[in-house]
Amino acid sequence: MLTQPTEKDDNLVQWIRNGIAVRVFGSDVDASQSVASEIAALIRQRAAEGESCVLGLATGSTPVRVYRELIRIHREENLSMKHVVTFNLDEYFPMQPDAAQSYVRFMNEQLFDHVDIPRSSIHIPDGTIGRDGVDEYCQQYEDAINVAGGIDLQLLGIGRTGHVGFNEPGSEVDSATRLVELCDITRSDAANDFGGLDNTPELAITMGVGTILRSRRIRLLAFGQHKSAIVARSVQGEITDSVPATYLQGHDDVQFALDSAAASTLDPK
Ligand code: F6R
């Protein structure tokens, strides 16, 4: 286990543990702004190289401030996102794109309606596919990521089960985009959005762990006390399929951007 304090100022404490660069910010806003700045810089760098920038995107409450900051940079600092290509991690199944809980709708409202990413460059797993066509569809999603050149930077949140995307406990390290069953904890965390557990989907389409690990950079955000136990387990625990986020320890450019509450169970030694 490697532990190296690498940087410290009033707002940021950073160290490396099990290959994960852990960055603890003064607030979720600071953490989100830092990750958004990195994404903006990467988009500009790729554009200067004449290349598109391929982003893997997450939904949920955690990345909302990153998207808000990217919209601000787009508007106030002239960040063109015309050459950005996006792949979202997941979508409930089945799910209509215009439903209140749809991740298509979420992404439109939180980011896509406010920036200039071409609609044709946006990919979100399709929750309307017929059950018979899901496997083929998932293979096409993997193919589309490969054709785009692979993901430059994958944004992640983390669920209380240790899921990344909807890769629940039991997911394999080399898993690909597929239809999965959601855990009870994940469904109960989502139940409010669906007006109760009975209405909450049991299935989702998600990028696999292997898909996520092929991204060139991975930036996981986690905020709040309720994430602290699973963050500590993911960073300090041994790699196991019962906590899929522990697989991130095997990636060579992964950072966790945390607020102090989410970092509160971590041992910074
Ligand atoms: C969402 C996703 C999930 C969430 C996780 C945390 O696209 O893939 O893994 O990132 O469930 O959700 P929030 O941010 O709502 O706590």
Side-chain angles (χ1 to χ4, degrees), residues 28-29 31-32 35-36 55-69 86-93 95 97 99-112 122-127 138 141 145 151 153-171 175-194 200-213 215 218-231 233-234 243-248 254-259 261-263:
D28 58 342
V29 176
S32 301
V35 171
L55 299 177
L57 299 178
T59 56
S61 57
T62 308
V64 166
R65 284 181 189 280
V66 173
Y67 299 146
R68 208 172 291 167
E69 177 66 3
T86 66
F87 290 89
N88 263 80
L89 281 165
D90 42 24
E91 176 60 290
Y92 293 110
F93 184 90
M95 179 57 64
Q101 306 87 354
S102 132
Y103 286 168
V104 172
R105 184 167 177 158
F106 174 96
M107 289 306 303
N108 286 340
E109 290 176 357
Q110 299 298 328
L111 182 66
F112 298 145
I122 291 169
H123 307 83
I124 301 177
D126 184 351
C138 290
Y141 203 74
I145 294 172
I151 293 171
L153 186 149
Q154 176 67 57
L155 199 57
L156 294 177
I158 184 170
R160 287 193 301 137
T161 59
H163 71 213
V164 285
F166 277 137
N167 292 286
E168 300 282 26
S171 297
S175 52
T177 302
R178 69 205 186 285
L179 188 67
V180 293
E181 281 183 30
L182 298 171
C183 282
D184 291 346
I185 294 175
T186 300
R187 291 184 64 237
S188 64
D189 281 349
N192 262 349
D193 294 341
F194 287 91
T200 306
E202 294 179 355
L203 301 174
I205 296 175
T206 184
M207 276 187 203
V209 176
T211 324
I212 292 168
L213 290 177
S215 309
I218 297 176
R219 301 294 179 255
L220 183 147
L221 296 137
F223 307 132
Q225 186 67 38
H226 62 300
K227 296 288 174 80
S228 69
I230 198 65
V231 164
R233 181 75 187 78
S234 304
V243 182
T246 59
Y247 289 132
L248 301 175
V254 55
Q255 292 182 9
F256 280 27
L258 310 174
D259 65 0

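All figures in this text were calculated on a predicted structure; none of them were measured in a lab. Just follow the structure's listing: the first ligand is 1, and inside any ligand the first atom is 1.
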- line: Residues at least two apart in sequence or cross-chain that pass ring pair (Phe, Tyr, Trp, His ring centres under 6.0 Å) with Tyr92, listed by chain then number, are Tyr103, Phe166, Phe194

message: Give me each pair satisfying salt bridge (charged side-chain N to carboxylate O under 4.0 Å, His left out) with a member in residues 219-228, each pair once, sequence neighbours excluded.
response: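 Non-adjacent pairs meeting salt bridge (charged side-chain N to carboxylate O under 4.0 Å, His left out): Glu38-Arg219, Arg219-Asp253.
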
- request: Quick one: list whatever passes side chain to side chain donor-acceptor pair (under 3.5 Å) with Thr59, sequence neighbours left out.
  value: none

task: Let me know which protein residues bring a heavy atom to under 4.0 Å of ligand 1; chain then number is fine for ordering.
output: Ala58, Thr59, Gly60, Ser61, Thr62, Leu89, Asp90, Gly157, Ile158, Gly159, His163, Gly165, Lys227

message: We want to know whether Thr186 and His163 form a side-chain donor-acceptor pair, criterion being a heavy-atom distance below 3.5 angstrom.
response: yes

Between Thr161 and Glu168: side-chain donor-acceptor atoms closer than 3.5 Å: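 A donor-acceptor contact under 3.5 Å links the two side chains.
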
task: Only one of Asn167, Thr211, Thr206 passes side chain to side chain donor-acceptor pair (under 3.5 Å) with Arg178; say which it is.
output: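 Running side chain to side chain donor-acceptor pair (under 3.5 Å) over Asn167, Thr211, Thr206 with Arg178 returns exactly one hit, Asn167.
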
